[in-house]
Engineer: 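Have a look at this one.
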Amino acid sequence: DIWQPGLQNLLITSLSNSEGLSVRQFETMDKILGGAQNPNYASITPSFASNTALRLKANTVITGSILKSGDRIQIISNLMDSRTEEIYKSYNVACKKEDDFFVRIDSLSKLIMNFLEIRGFKQKYSQFELKSIFTSSATAFKYYIQGRIFHGQLEYKSAAVHYINAIQADTGFIAPMLMLSYVYGDEGKAEESKKWVYRAYRKIDSMPLEIQLQIR
């Protein structure tokens with residue numbers, strides 16, 4: 001109960017720094033949920049959370065809990081679709097000392113922010129068929145989208161720059177490596193095209209099956 005308002009405020013402050021997210025403030029949520037007169041947040045049902053989010057025109061509800069056993073603290077966070085009440089992503093963060101609590105919350109905030117920003121990009125640019133594109137970096141994903149836009153306009157040099165920026169932001173991001181191979185292939189640069197295919201292939205074992213099939 002002591003940490004709960006602090007955790008909410010930290011998440012809201014962190015997520016509010018995102019240009020791609022619109023976040024409801026703590027005072028708004030506290031007022032709707034009853035503030036100090038309703039301290040039992042554990043009693044809030046998914047339906048109540050969903051209806052509250054819809055009233056606020058929010059697409060996603062972040063719910064969760066803080067558990068403590070001895071010196072171990074566990075933070076569980078669920079992202080729920082406000083319309084379907086489906087939990088589409090969960091995070092479980094643990095720390096051993098109370099001093100680490102806020103450091104771990106900062107890490108959790110970044111995970112959630114990147115995930116939501118990427119989800120927003122996928123919805124906005126659905127024409128690119130992005131369901132099988134995997135990265136945990138919203139910055140890398142944004143560069144990749146920009147590369148796809150330039151690529152579609154046959155502006156190969158600009159596309160290549162953005163794909164390379166995406167890889168620099170996430171060195172394990174396979175999709176821009178494959179697209180670089182296509183770019184250089186279209187430009188007739190066979191050696192450069194092969195280089196990026198081989199670089200993607202070296203990471204094949206860590207990729208989901210659908211990405212492995214793309215590489216092969």
Side-chain angles (χ1 to χ4, degrees), residues 1-69 72-95 100-142 145 170 208 210:
D1 290 341
I2 295 173
W3 291 334
Q4 184 171 275
L7 176 119
Q8 290 173 315
N9 266 317
L10 283 171
L11 280 176
I12 288 170
T13 299
S14 179
L15 296 176
S16 295
N17 289 327
S18 168
E19 295 180 1
L21 301 177
S22 177
V23 184
R24 300 297 176 259
Q25 297 305 308
F26 174 80
E27 292 78 9
T28 302
M29 297 305 303
D30 195 49
K31 182 178 180 180
I32 290 176
L33 296 175
Q37 297 177 355
N38 183 27
N40 187 15
Y41 285 87
S43 65
I44 295 174
T45 65
S47 294
F48 179 83
S50 174
N51 290 333
T52 300
L54 291 173
R55 284 168 57 193
L56 295 171
K57 299 181 180 179
N59 295 321
T60 296
V61 184
I62 301 175
T63 62
S65 58
I66 305 171
L67 307 175
K68 186 176 181 183
S69 178
R72 183 178 176 83
I73 302 167
Q74 193 167 17
I75 306 156
I76 300 170
S77 180
N78 299 316
L79 277 60
M80 185 181 78
D81 188 305
S82 61
R83 292 177 297 277
T84 64
E85 298 182 21
E86 173 195 6
I87 294 176
Y88 59 82
K89 187 68 175 178
S90 294
Y91 292 99
N92 192 329
V93 175
C95 54
D100 296 333
F101 180 78
F102 293 108
V103 174
R104 300 299 290 165
I105 293 302
D106 184 59
S107 298
L108 176 63
S109 299
K110 291 175 181 176
L111 288 172
I112 294 174
M113 182 166 64
N114 276 284
F115 180 85
L116 290 176
E117 287 183 349
I118 290 171
R119 190 169 188 259
F121 286 137
K122 288 186 175 182
Q123 292 171 343
K124 184 176 180 180
Y125 297 100
S126 57
Q127 72 269 27
F128 291 131
E129 299 181 1
L130 300 168
K131 290 182 179 180
S132 61
I133 306 302
F134 298 98
T135 178
S136 59
S137 168
T139 299
F141 200 93
K142 185 176 181 179
I145 291 293
D170 178 2
E210 55 192 305

Engineer: How far does CG of L108 sit from CD1 of I76, to the nearest 0.5 angstrom?
Structural biologist: 11.5 Å

Engineer: When you compare the side chains of N59 and S82, does any donor N or O come within less than 3.5 Å of an acceptor on the partner?
Structural biologist: no

Engineer: For residues E117 and L21, determine if any side-chain heavy atom of one lies less than 4.5 Å from a side-chain heavy atom of the other.
Structural biologist: yes

Engineer: Side chains of R83 and S50: does their closest heavy-atom pair fall under 4.5 Å?
Structural biologist: no

Engineer: Identify the two heavy atoms, one from I12 and one from R24, that lie closest to each other, and give their separation to 0.1 Å.
Structural biologist: CD1-O, 3.8 Å

Engineer: Quick check for you: to the nearest 0.5 Å, what is the distance between L15 atom CG and I112 atom CD1?
Structural biologist: 6.0 Å

Engineer: Taking all non-hydrogen atoms of both residues into account, name the closest pair between N114 and S136 and its distance.
Structural biologist: CB-O, 3.2 Å

Engineer: Go through it in stages, so that I can follow the logic: the residues are I62 and S77, the test is side chain to side chain contact (heavy atoms under 4.5 Å, CB included), and I'd like the CA-CA distance, side-chain angles, deciding distance and then a yes or no.
Structural biologist: CA-CA 7 Å; I62 301 175; S77 180; 3.5 Å; yes

Engineer: I want to check something: taking the side chain as every heavy atom from C-beta on, are K124 and R119 in contact at a cut-off of under 4.5 Å?
Structural biologist: no

Engineer: Of all the heavy-atom pairs spanning A49 and V61, show the shortest one and how long it is.
Structural biologist: O-CG2, 3.7 Å

Engineer: Taking atom NZ of K122 as the centre, does the number of heavy atoms from other residues, nucleotides or ligands within less than 6.0 Å exceed 12?
Structural biologist: yes

Engineer: Just how far is it from atom CG of D106 to atom CG of D100, taken to the nearest 0.5 Å?
Structural biologist: 12.5 Å

Engineer: Determine whether K142 and F121 make a side-chain contact, defined as any pair of heavy atoms from C-beta on separated by less than 4.5 Å.
Structural biologist: yes

Engineer: Give, for atom CE of M80 and atom OG1 of T60, the distance between the pair rounded to the nearest 0.5 Å.
Structural biologist: 9.0 Å

Engineer: So how far is it from L111 CG to M113 CE, rounded to the nearest 0.5 Å?
Structural biologist: 10.0 Å

Engineer: Might you point out which heavy atoms bring L11 and S109 nearest each other, and give the distance in Å?
Structural biologist: CD2-OG, 3.2 Å

Engineer: What do the steps show when you test L79 against I87 for side chain to side chain contact (heavy atoms under 4.5 Å, CB included), and what is the final call?
Structural biologist: CA-CA 6 Å; L79 277 60; I87 294 176; 5.9 Å; no

Engineer: Do the numbers put K89 on top of the ring of Y91, so that NZ or CZ is under 6.0 Å from the six-membered ring centre and no more than 45° off the axis?
Structural biologist: yes

Engineer: Which of parallel (below 30°), tilted (30 to 60°) and perpendicular (above 60°) describes Y125 and F128?
Structural biologist: parallel

Engineer: List the residues meeting side chain to side chain donor-acceptor pair (under 3.5 Å) with S137, not counting sequence neighbours, and say none if there are none.
Structural biologist: none

Engineer: Taking atom types as modelled and ignoring hydrogens, do the side chains of S90 and N78 form a donor-acceptor contact shorter than 3.5 angstrom?
Structural biologist: yes

Engineer: Closest heavy-atom contact between A94 and R104?
Structural biologist: O-NE, 3.3 Å

Engineer: Once side chain to side chain donor-acceptor pair (under 3.5 Å) is applied, do any residues pair with D81, and if so which ones, sequence neighbours excluded?
Structural biologist: none

Engineer: Rounded to the nearest 0.5 Å, how far does NZ of K68 lie from CD1 of I75?
Structural biologist: 12.0 Å

Engineer: Apply side chain to side chain contact (heavy atoms under 4.5 Å, CB included) to N92 and Q74, showing your working.
Structural biologist: CA-CA 7 Å; N92 192 329; Q74 193 167 17; 2.8 Å; yes

Engineer: Is a side-chain donor or acceptor of T52 paired with a backbone partner of F48 at a separation under 3.5 angstrom?
Structural biologist: yes

Engineer: So does Q127 have more than 12 non-hydrogen atoms from other groups sitting under 6.0 Å from CD?
Structural biologist: yes

Engineer: State, yes or no, whether a side-chain contact exists between L7 and L10 at a heavy-atom distance under 4.5 Å.
Structural biologist: no

Engineer: Compare every heavy atom of T135 with every heavy atom of D170, then report the nearest pair and how far apart it is.
Structural biologist: OD2-OG1, 2.5 Å

